[in-house]
Protein chains: 2
Amino acid sequence: MTSTVAEENYIKTIFHLQEDVSLVSTNEVASYLNTSAASVTDMLKKLKLKRLVAYEKYKGFKLTSEGKKQALTIVRKHRLWEAFLVNKLQFRWDEVHEIAEQLEHIQSKKLVDKLDEFLGYPKFDPHGDPIPDSNGKMYEQIQTSLAEMNIHESGEISAIGNQSTALLELLTHNNIQIGTKLVIHAVFSFDKSMEIKIPNAPLFIISYELAKHLFVKKVGYDPKNSS
Amino acid sequence: MTSTVAEENYIKTIFHLQEDVSLVSTNEVASYLNTSAASVTDMLKKLKLKRLVAYEKYKGFKLTSEGKKQALTIVRKHRLWEAFLVNKLQFRWDEVHEIAEQLEHIQSKKLVDKLDEFLGYPKFDPHGDPIPDSNGKMYEQIQTSLAEMNIHESGEISAIGNQSTALLELLTHNNIQIGTKLVIHAVFSFDKSMEIKIPNAPLFIISYELAKHLFVKKVGYDPKNSS
DNA sequence: ATTTTATTTTAGACAAATCTAAATTTTATT
DNA sequence: AATAAAATTTAGATTTGTCTAAAATAAAAT
Ligand SMILES: [Mn+2]
Ligand SMILES: [Mn+2]
Ligand SMILES: [Mn+2]
Ligand SMILES: [Mn+2]
């Protein structure tokens, strides 16, 4: 019924990988978890036996609905703990992922629900990722990478696609955080860098590399009028 | 350098058992941890190799100073998390031990110290047990079991030596909690039961079984005058 | 001082999670 | 369609933490 820490890490990994594609491969999981393909195959057999993944050898795999349900409770715990660390204990958001990787495996439904209540039922974690509620429901992220946006479009930073201290340093330097509104003033084809405007600051340029890791909720932009 | 969860559980167990006696035995640890004596011997070899216990076969064992230091950080985490669960998340004190058994193994010095600060540097956990500070120092518990006290002595409940829901139920019924002041009005030799007085309640009788599990800080009682 | 009992350790086995190397299957390339 | 390359699985080990049963040692009882 309950899963080990190792099993939970595989379940969560498959969950994240299958957000993009319908079937996940052995090697994808192996490289994500820094483990060998052989170990992944071993674990898949175990998870199949527990009916948490749908798996046929050589064919790829995905979570069953029970597997997805378990994944959502792990993701819920991970993000709630991250919110706790940042909102209550004053950690920076680049410090919390590692600790949440441990805390997400604590087993106690009551603890999670009380933590959720204590935090005021937050809908998003410090990186802008949605937190599943106790039924596994969470907000959709209707957002695009800033790198894919065009000149004159505007939006609001909704998530950060990388949790490194190096990225935080750059964002802090430029006064960018989740919730910051921006308008794209120019896009330079040479290096795909962008000139953007944010409130209370002069225009400045950000690299394509940076733009790729910033996710934006578009505003003032009606898809019906976009021909 | 860092220890596994299993190792930490042995270290903590030896720490608690050696509070009473100078040398701990294999069987004591085995029965405390509900494991076999053979497993304890196996683990002792490992802990000896890591220089965390002083152990000679057939002779008993105790923690080295490094072992004690590690034990204190585990106890610190355990009790701080219990304080968090009760003081911030509104758990009852009979619900928190199991969860703290998991949380005490989370590895992050910074987390523990921030948690301590967030809680306002509590000196005692919800069961009245002292919380080591970040240097491993903690208040001495100058307390005796209520069962060992005599008629006319008075004191204040400082710790509960058992964390069962059944005990909490009885204490709640009698309006006893940590901090409650009491005076012993009578001790009945037949069954060692005691008649006690607490503020705002009539005299009532408690069993020897209960008294054994209540720890009391004596007050208004000067040992110099006790002939 | 023997003998009996209790305690502790050793021997050997097992499950979980991992690995490397070899075998198999699938996919891509000529 | 045959062959080469890539991906995946299997075979066989290894480490950690556990177990039972047997052997060794220590403690208690006669
Ligand atoms: Mn994270
Ligand atoms: Mn996050
Ligand atoms: Mn406890
Ligand atoms: Mn406690």
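Reminder, nothing fancy here: chain letters follow the sequence lines and each chain counts from 1.
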If you walk 5' to 3' along DNA chain D, what is the first nucleotide with an atom under 4.0 Å of a heavy atom in chain A, and what is the last? dA7(D) to dT10(D)
With a 6.0 Å cut-off on ring centres, are F84(B) and F84(A) close enough? yes
Would a 4.5 Å heavy-atom cut-off, applied to side chains only, mark R76(B) and S134(B) as touching? yes
What base-paired stems does DNA chain D take part in, with at least 3 consecutive Watson-Crick or G-U wobble pairs and both distances under 3.5 Å? C:1-30 with D:1-30
Between the side chain of K123(B) and the main-chain N/O of Y121(B), is any donor-acceptor distance below 3.5 Å? yes
If I take atom CG in residue N27(B) and atom C1' in nucleotide dA6(C), what distance separates them, rounded to the nearest angstrom? 9 Å
Is there a side-chain contact between K12(B) and V75(B), using heavy atoms and a 4.5 Å cut-off? yes
Nearest-Å distance, NZ (K59(A)) to P (dT25(C))? 12 Å
Could you state the atom-to-atom distance from CD of E28(B) to P of dT7(C) in whole Å? 11 Å
Between T4(A) and dA17(C), is there a side-chain N or O to OP1/OP2 distance below 4.0 Å? yes
Please check the phosphate of dT20(C) (OP1 and OP2 only) for any side-chain N or O of S36(A) closer than 4.0 Å. no
What is the distance from CG of L44(A) to C1' of dA16(C), rounded to the nearest Å? 16 Å
Is any side-chain heavy atom of L103(A) closer than 4.5 Å to a side-chain heavy atom of L103(B)? yes
Rounded to whole Å, please give me the gap between CG in L49(A) and P in dA16(C). 11 Å
Distance-minimising heavy-atom pair for D116(A) and P122(A): OD1-CD, 3.5 Å
Taking 4.0 Å as the cut-off, does a side-chain nitrogen or oxygen of K57(A) come that near to OP1 or OP2 on dT24(C)? no
Check whether F61(A) forms a cation-pi arrangement with K48(A) (NZ or CZ under 6.0 Å from the six-membered ring centre, at most 45° off the ring normal). no
Within 45° cone and under 6.0 Å: K114(B) NZ/CZ vs F91(A) ring: yes
